[in-house]
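First the structure, in the form of structure tokens, and then the observations on it.
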Amino acid sequence: MAQAIADELGVKLEISSMSFDNALTSLQTGKADLAIAGISATDERKEVFDFSIPYYENKMSFLVRKADLDKYKDLSNLASANIAAQKGTVPETMVKEQLPNAQLTSLTNMGEAVNELQAGKVDAVHMDEPVALSYVGKNSDLVVATATLTMKDGEANAVAIKKDQSDLKAVVDKVIQKMKDDGTYQTYLEKAAKLTEVEQ
């Protein structure tokens with residue numbers, strides 16, 4: 001998606017890989033022009049940044065050990081569990097707000113969180129469902145729990161843009177809409193699901 005936006009703008013794409021919680025900071029400080037990292041367009045973030053049209057509707061899930069699947073059929077047992085989430089993300093905020101008595105372990109790396117789960121150091125990891133399913137596909141000891149937290153309406157993934165960059169936003173919106181209309185984005189999702197490799 002980033003490459004397609006760069007192509008439309010006629011510029012060379014430069015990607016900076018960083019922890020999730022640094023992505024928006026880099027945008028704010030002018031080190032980046034766009035942040036594309038599965039960022040939910042929350043009301044709080046909209047006060048600081050502009051966002052493109054949504055490109056992906058979020059669904060969050062708990063990744064748990066297969067042996068604990070029956071235990072986490074509803075939220076009652078998760079209410080006081082030790083739950084890992086990625087630092088600075090919506091899944092982390094949802095745990096804080098909806099499971100205030102849970103013990104939250106905030107980590108910068110999803111692979112680390114999954115390792116903690118497999119080692120029995122946490123009971124569940126809260127994350128985007130496609131990511132959870134990719135871990136399940138590579139790890140026979142893991143499953144997605146049936147218990148879920150409630151997503152706020154309208155918090156879909158979008159590209160974050162510095163405020164008052166209407167020309168840039170117009171180009172980003174145009175590229176995203178074209179990708180959604182012609183099925184390119186869906187193809188990206190399918191390829192990503194196949195390519196996802198679990199960090200160990």
Side-chain angles (χ1 to χ4, degrees), residues 19-25 35 37-49 51 54-158 160 186 189-190 192-200:
S19 65
F20 183 86
D21 50 335
N22 284 333
L24 290 175
T25 306
I39 300 168
S40 299
T42 64
D43 290 338
E44 187 181 5
R45 288 172 181 161
K46 284 176 184 173
E47 290 175 15
V48 185
F49 306 98
F51 282 90
Y55 61 83
Y56 182 74
E57 294 294 330
N58 287 342
K59 187 173 180 192
M60 306 297 173
S61 293
F62 288 102
L63 187 67
V64 298
R65 291 180 292 276
K66 189 177 276 186
D68 293 337
L69 181 60
D70 287 342
K71 189 176 176 183
Y72 298 120
K73 280 187 173 169
D74 57 57
L75 288 175
S76 59
N77 286 325
L78 283 164
S80 58
N82 187 339
I83 300 169
Q86 192 171 20
K87 198 174 178 182
T89 62
V90 167
E92 180 193 44
T93 303
M94 289 170 72
V95 172
K96 284 180 186 172
E97 291 176 353
Q98 297 180 44
L99 296 172
N101 296 321
Q103 185 182 335
L104 178 63
T105 301
S106 298
L107 300 165
T108 54
N109 183 291
M110 277 281 77
E112 185 186 353
V114 173
N115 287 341
E116 295 272 285
L117 175 64
Q118 289 177 308
K121 292 178 182 175
V122 298
D123 303 308
V125 184
H126 196 228
M127 60 174 77
D128 285 14
E129 186 170 84
V131 180
L133 290 171
S134 73
Y135 279 109
V136 168
K138 301 274 195 301
N139 296 272
S140 59
D141 57 329
L142 301 176
V143 290
V144 171
T146 49
T148 57
L149 298 179
T150 307
M151 280 292 295
K152 286 181 185 171
D153 288 340
E155 290 195 351
N157 284 354
Q186 186 58 40
L189 285 178
E190 288 162 9
K194 288 175 188 170
L195 291 171
T196 301
E197 289 186 7
V198 178
E199 299 169 43
Q200 294 294 349

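Being a predicted model, the structure only gives us computed values, none of them experimental.
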### Message
Enumerate the salt bridge (charged side-chain N to carboxylate O under 4.0 Å, His left out) contacts for residues 74-87, please, sequence neighbours excluded, ordered by first and then second residue.
### Response
none

### Task
Output all residues satisfying side-chain hydrogen bond (donor to acceptor under 3.5 Å, both in side chains) with T89, sequence neighbours left out; order by chain, then residue number.
none

### Query
If you round to the nearest 0.5 Å, how far is OG of S40 from CE of M94?
9.0 Å

### Message
To the closest 0.5 Å, what do you measure between CE (M60) and CD (E129)?
### Response
10.0 Å

### Task
Taking Q86 for its side chain and T108 for its backbone only, find out whether a donor-acceptor pair lies under 3.5 Å.
yes

### Message
To check you understand the geometry: which heavy-atom pair defines the closest contact between L69 and A145, and what is its length?
### Response
CD1-CA, 4.2 Å

### Message
Could you work out, with ring pair (Phe, Tyr, Trp, His ring centres under 6.0 Å) as the rule, every residue matching Y55, not counting sequence neighbours?
### Response
Y185

### Summary
Hits for side chain to side chain contact (heavy atoms under 4.5 Å, CB included) against A113, two or more places apart or cross-chain, chain-then-number order -> A84, L107, M110, V125

## Note on the structure
In terms of heavy-atom contacts, V64 and D123 come closest through CG1-O, 3.8 Å

### Query
What's the shortest heavy-atom distance between P54 and A156, and which atoms?
CB-CB, 3.6 Å

### Query
What pairs meet the salt bridge (charged side-chain N to carboxylate O under 4.0 Å, His left out) rule with one or both residues in residues 99-108, with sequence neighbours excluded?
none

## Note on the structure
Residues at least two apart in sequence or cross-chain that pass salt bridge (Lys or Arg N to Asp or Glu O under 4.0 Å) with K66, listed by chain then number, are none

Indicate every side-chain donor-acceptor pair of residues 97-105 with a distance under 3.5 Å to a residue at least two apart or in another chain.
residue, atom, partner, partner atom, Å
Q98, OE1, T150, N, 2.9
Q98, NE2, T150, O, 2.8
T105, OG1, N82, OD1, 2.9

### Query
Of all residues at least two apart in sequence or in a different chain, which pass the side chain to side chain contact (heavy atoms under 4.5 Å, CB included) check with A147?
L75, L78

### Task
Could you tell me the separation between the CG atom of L142 and the CG atom of L117, rounded to the nearest 0.5 Å?
5.5 Å

### Query
side chain to side chain contact (heavy atoms under 4.5 Å, CB included) with D141: which residues, sequence neighbours excluded?
Q118, N139

### Query
N77 side chain to K71 main-chain N or O, any donor-acceptor pair under 3.5 Å?
yes

### Query
Does S106 have any side-chain hydrogen bond (donor to acceptor under 3.5 Å, both in side chains) partners at least two apart in sequence or in another chain, and if so, which?
E92

### Message
Which residues pass the salt bridge (Lys or Arg N to Asp or Glu O under 4.0 Å) test with D68, not counting sequence neighbours?
### Response
R65

### Task
Could you grab the distance from atom OH of Y72 to atom CG of L63, nearest 0.5 Å is fine?
12.0 Å

### Task
Mind checking salt bridge (Lys or Arg N to Asp or Glu O under 4.0 Å) for D70 and listing every partner two or more places apart, or none if nothing turns up?
K73

### Task
Identify the residue among V90, L24, N157 that makes a side chain to side chain contact (heavy atoms under 4.5 Å, CB included) with I39.
L24

### Task
Rounded to the nearest 0.5 Å, what's the gap from CG on N109 to CZ on F20? Could you check?
13.5 Å

### Query
Quick check: does any side chain N or O of H126 sit under 3.5 Å from a backbone N or O of P91, one acting as donor and the other as acceptor?
yes

### Pair V122-I83, side chain to side chain contact (heavy atoms under 4.5 Å, CB included): steps then yes or no
CA-CA 6 Å; V122 298; I83 300 169; over 6 Å; no

### Task
Find out whether F62 and L149 are in side-chain contact, i.e. whether some heavy atom of one side chain is under 4.5 Å from a heavy atom of the other.
yes

#### Entry: Side-chain donor/acceptor of D128 to backbone N/O of P130, under 3.5 Å
no

